[in-house]
Number of protein chains: 2
Amino acid sequence: MDRRIDKGQATRRHLIEVATELFADRGYEGTSIEAVLERTGMSRGSLYHHFPGKDRLFEAVVESVHTQVGESALAAVTASGATEPHDLLKAAELAWIRLASEPVVRRILLIDAPTVLGWRRWRDLEAQYGLGMLKTVLQQAADTGHVPANLVESFAHILLAAGNELALVIALAEDVPAAQATAEAAVEEFLARLLRPISEPAKRT
Amino acid sequence: MDRRIDKGQATRRHLIEVATELFADRGYEGTSIEAVLERTGMSRGSLYHHFPGKDRLFEAVVESVHTQVGESALAAVTASGATEPHDLLKAAELAWIRLASEPVVRRILLIDAPTVLGWRRWRDLEAQYGLGMLKTVLQQAADTGHVPANLVESFAHILLAAGNELALVIALAEDVPAAQATAEAAVEEFLARLLRPISEPAKRT
DNA sequence: CCATTGACAAACCGACGGTCGGTTTACTAA
DNA sequence: TTAGTAAACCGACCGTCGGTTTGTCAATGG
């Protein structure tokens, strides 16, 4: 084994770590490469040896955060012991809302990532992590007639967007605990309505 | 009347017009002030006489686009002749989805605006334009018992986010017409479920 | 022992956003 | 007419920043 490579990986991790803090704190544009170099004590050459550019460094940070969030969410859902689609979705939404309250997640994943990575790439990541889980559970709900099968995809997107939105609302609220409570009630009610079995095809007024 | 001021307003409008095209086409970061100057034939001094900085120029563009979108959406809703909350919301959502398919709206309002203006300011604008309308209609729905009154705010946010999300999904789809059809069906079903009065008494405040 | 390679260093470059002193143009009052 | 004023406009210049290029060094493997 090459000790140089271990050292390289260590500095790479260190760069991601420091960059995560800075990006979360000042945003992508507000964070200069200079600042990262200063905080890490690295040189330009070293950074550009590990990452082809600022955007790729950011991308590495996004993937790191995404992974951590995914693991936390999964842990929270399994810890809830839910088995029914409604409970699973509720647990997932609430977990996501709590996670998205964290500035690191909010700023990096929700605010900057779509712009920096281009939202095409961002969608791929989201589909890989959050959307996939939602679709799986919604498909179960569709199999038991709680949701139209052809709208699983659309409903998954709606659920994902709703979670993000509520998380941002909470973050913006003056009274965060109150907003959190309201949002959780909204999730509960929202899911109850969305998953209700359809007796007759979509009604018209 | 002072012809100097008229001329000033004209160049200001011209700057906004050209900047709108460029921002929509290349995004905020991808658009240099130089490019705007070149396309307008203006000088740096002139631009910075009218706008304190690039971000303020972008802000003016955002407001301009927002206004146009708001007018179009309102026109579409009134043209639909809807009176019931369900139909009003459906008309509004569909109108918004169609408008958001336009690259100008998508790139400027949905992608760049939150990052550049900071999403606090962005939320203020959104509340002023789209969210206000949704809340009004949802309040009507709450008055007739179709929706819990204490969740009007949350549901309005969810509806707004859902519309944005579906618009982005459509934009990303390979088969746009098909995606559009699916999304419209999803809106229909989604609204029907969201606004259906629940058999057991809804929590009211 | 030496050619190779990964890690890091630092001088340098071009583009960009923003500033600033100055000029032109048009209106107004003496 | 003319002096004064203010808005509109001009363009050279500056600092910052992301990215490139060239070079050093030490560990590795034949």
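Chain identifiers are assigned alphabetically (A, B, ...) following the order of the sequence lines, protein sequences preceding nucleic acid strands; residue numbering begins at 1 within each chain.
For F58(B) and dG18(C), the CZ to C1' distance is 19 Å, given to the nearest whole Å. A straight line from CG of D55(A) to P of dG19(D) spans 6 Å, rounded to a whole angstrom. Spacing between atom CG of L37(B) and atom C1' of dA12(D) amounts to 14 Å, rounded to whole angstrom units. Taking atom CE of residue M42(B) and atom P of nucleotide dC9(D), one finds them 5 Å apart after rounding to whole Å. Atom NZ in K54(B) sits about 14 Å away from atom P in dT19(C), given to the nearest Å. Between the CG atom of L22(B) and the P atom of dC16(C) there is a distance of 13 Å, given to the nearest Å. Distance E29(A) CD to dG18(C) P: 12 Å, rounded to the nearest Å. In this structure, the NE2 atom of H14(A) is 12 Å from the P atom of dC8(C), given to the nearest Å.
Residue T40(A) is classed as having no contact, given no heavy-atom separation below 4.0 Å to the nucleic acid.
Contact between the side-chain N/O atoms of T11(A) and the OP1/OP2 oxygens of dC8(C) is found at a separation under 4.0 Å.
Each of G41(B) and Y28(A) was matched to the nucleotide of DNA chain D holding its nearest heavy atom; the match closer to the 5' end belongs to G41(B).
Using a 4.0 Å cutoff on non-hydrogen atoms, the parts of residues 43-53 of chain B near DNA chain D are S43(B), R44(B), G45(B), S46(B), H49(B), H50(B), ordered by number.
Counting heavy atoms from C-beta outward, L138(A) and K135(A) have side chains that stay 4.5 Å or more apart. You'll find the side chain of L194(A) stays beyond 4.5 Å of the side chain of H146(A), heavy atoms only. Between W96(B) and N164(B) the shortest side-chain heavy-atom distance falls below 4.5 Å. Annotation: side chain of L159(B) is in contact with side chain of L191(B) (closest heavy-atom distance under 4.5 Å).
Both the sub-6.0 Å distance and the 45° axial angle are not jointly satisfied by K54(A) relative to the ring of Y48(A).
The aromatic rings of F155(A) and F190(B) sit perpendicular to each other, their planes meeting at more than 60°, with 30° as the lower class boundary.
T31(A) pairs with exactly one of R39(A), E21(A), R26(A) by the side-chain contact (heavy atoms from CB on, under 4.5 Å) rule, that one being R26(A).
Considering only the side chain of E34(B), dC16(C) comes nearest among dC10(D), dC16(C), dG18(D).
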